Colleague: 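Can you keep this structure in mind? I'll have questions shortly.
Fair warning: this is a prediction, and the values are worked out from it, not measured in the lab.
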Amino acid sequence: RRCPPDSVGWCNAYDPPRMLTPPRASNSGYSLRGPMVRADEAADNEDLFDLIGHVIDDEKISIKSVVGMGGFSVVYEGWHHVFDERVAIKCLKVPAGFTKAQTSEYFANFRREGQLLLKLAKSTQNVVRIFNMGEITRPGTPSIPYLVLEWLDGEGLDLWFTRRRQGGAHRLSLLEMTTLLDAGAE
């Protein structure tokens, strides 16, 4: 994510986690693993984990570029050499202030996300498929949990909603939004 334009001095390129109790805050935001970056240098395509050019998952997947970043993860574009297909690799941002128990719980929640994706993808074609999950380990650095997901070309929901609003479309009701998700809920 980009640091807010009105940020003064330094900001952290990570958003605080919202699933667990956040780590102790400091004056500059949350102290999380990853580089501290100047507010004007933070970029959506920054390789916070230094993974571009690396191969993971028993040499099956090459990491090509960063395609997105959110509060909890960085998403990379990759190439699956066995399937001969583009894939998305979602890497979890782990708060540095977490205890060993909190980190274990955080990893377990991420694994449950992968398990839920697998179950949902079995019930509908409207959910991205998961191909694998694991952890990237390198000497001297914390583990990076990841999910290998189906690559989807197209428009993100944020752009879709923006385009709808700009086109004068009405705001979706809660019923309309849940109808869009209905196939995944069955």
Side-chain angles (χ1 to χ4, degrees), residues 1-4 7 9-39 41-80 87-122 127-151 156 158 184:
R1 79 171 170 87
R2 291 192 188 282
C3 297
S7 293
W10 294 87
C11 78
N12 196 312
Y14 296 119
D15 287 331
R18 291 171 181 86
M19 295 189 319
L20 302 171
T21 305
R24 189 183 72 238
S26 68
N27 290 339
S28 61
Y30 286 84
S31 173
L32 302 178
R33 288 189 185 131
M36 292 296 287
V37 294
R38 287 200 48 82
E41 294 173 352
D44 291 336
N45 61 352
E46 187 172 359
D47 184 7
L48 294 178
F49 294 118
D50 192 30
L51 293 177
I52 294 174
H54 289 271
V55 181
I56 63 167
D57 203 12
D58 295 325
E59 305 291 315
K60 292 180 192 144
I61 299 169
S62 297
I63 298 178
K64 303 292 183 187
S65 63
V66 174
V67 293
M69 190 179 312
F72 298 105
S73 61
V74 177
V75 178
Y76 292 86
E77 175 187 357
W79 187 260
H80 198 295
V87 292
I89 303 105
K90 180 178 181 179
C91 296
L92 183 66
K93 297 175 186 175
V94 180
F98 273 7
T99 64
K100 197 171 194 174
Q102 288 172 314
T103 300
S104 293
E105 183 180 348
Y106 202 64
F107 281 24
N109 286 340
F110 193 65
R111 281 190 296 277
R112 282 191 289 276
E113 177 185 340
Q115 293 164 344
L116 178 61
L117 272 175
L118 180 64
K119 288 177 184 175
L120 287 172
K122 286 179 178 180
V127 174
V128 66
R129 291 179 294 165
I130 181 170
F131 296 131
N132 199 8
M133 66 172 75
E135 288 180 29
I136 298 167
T137 55
R138 295 183 287 194
T141 62
S143 294
I144 305 166
Y146 67 89
L147 302 174
V148 179
L149 306 165
E150 172 183 22
W151 180 267
D158 56 341

Colleague: Can you find a pair of side-chain heavy atoms, one from E135 and one from R111, that are under 4.5 Å apart?
Modeller: yes

Colleague: Quick one: does I61's side chain get under 4.5 Å of V55's, heavy atoms only?
Modeller: no

Colleague: So F72 and Y106, do their side chains get closer than 4.5 Å, heavy atoms only?
Modeller: yes

Colleague: Could you give the distance from CZ (R138) to CD1 (I56), rounded to the nearest 0.5 Å?
Modeller: 10.5 Å

Colleague: Under the side chain to side chain contact (heavy atoms under 4.5 Å, CB included) criterion, do L147 and E113 qualify, and how do the steps go?
Modeller: CA-CA 9 Å; L147 302 174; E113 177 185 340; 4.1 Å; yes

Colleague: Using side-chain heavy atoms (C-beta onward) and a distance below 4.5 Å, is V67 in contact with W151?
Modeller: yes

Colleague: Let me confirm one number: the CD-OG1 distance from E105 to T103, rounded to the nearest 0.5 Å.
Modeller: 10.0 Å

Colleague: Less than 4.5 Å apart, side chain to side chain, heavy atoms only: is that true for D50 and I52?
Modeller: no

Colleague: Check whether any side-chain heavy atom of F107 lies under 4.5 Å from a side-chain heavy atom of N109, and answer yes or no.
Modeller: no

Colleague: Do V94 and P145 have side-chain heavy atoms sitting under 4.5 Å apart?
Modeller: yes

Colleague: Please round to the nearest 0.5 Å and tell me the distance separating atom CD of E150 and atom CD1 of I130.
Modeller: 11.5 Å

Colleague: If you apply the rule side chain to side chain contact (heavy atoms under 4.5 Å, CB included), what do you find for K60 with V148, and how did you get there?
Modeller: CA-CA 11 Å; K60 292 180 192 144; V148 179; over 6 Å; no

Colleague: Is L149 close to K90 at the side-chain level, that is, under 4.5 Å between some pair of heavy atoms?
Modeller: yes

Colleague: Using 0.5 Å steps for rounding, measure from the CZ atom of F98 to the OG atom of S104.
Modeller: 11.0 Å

Colleague: Between atom CE of M133 and atom CZ of F110, what is the distance when rounded to the nearest 0.5 Å?
Modeller: 8.0 Å

Colleague: Quick one: do C91 and Y76 satisfy side chain to side chain contact (heavy atoms under 4.5 Å, CB included)? Show the steps, please.
Modeller: CA-CA 8 Å; C91 296; Y76 292 86; 3.9 Å; yes

Colleague: Apply side chain to side chain contact (heavy atoms under 4.5 Å, CB included) to residues Y146 and L92 and explain how you reach the verdict.
Modeller: CA-CA 6 Å; Y146 67 89; L92 183 66; over 6 Å; no

Colleague: Quick check: closest heavy atoms across K93 and G71, and the distance to 0.1 Å?
Modeller: CD-O, 4.0 Å

Colleague: Please confirm whether the backbone N or O of L51 pairs with a side-chain atom of D47, one donor and one acceptor, at under 3.5 Å?
Modeller: yes

Colleague: What are the two closest heavy atoms between I89 and E77, and how far apart are they?
Modeller: CD1-C, 4.1 Å

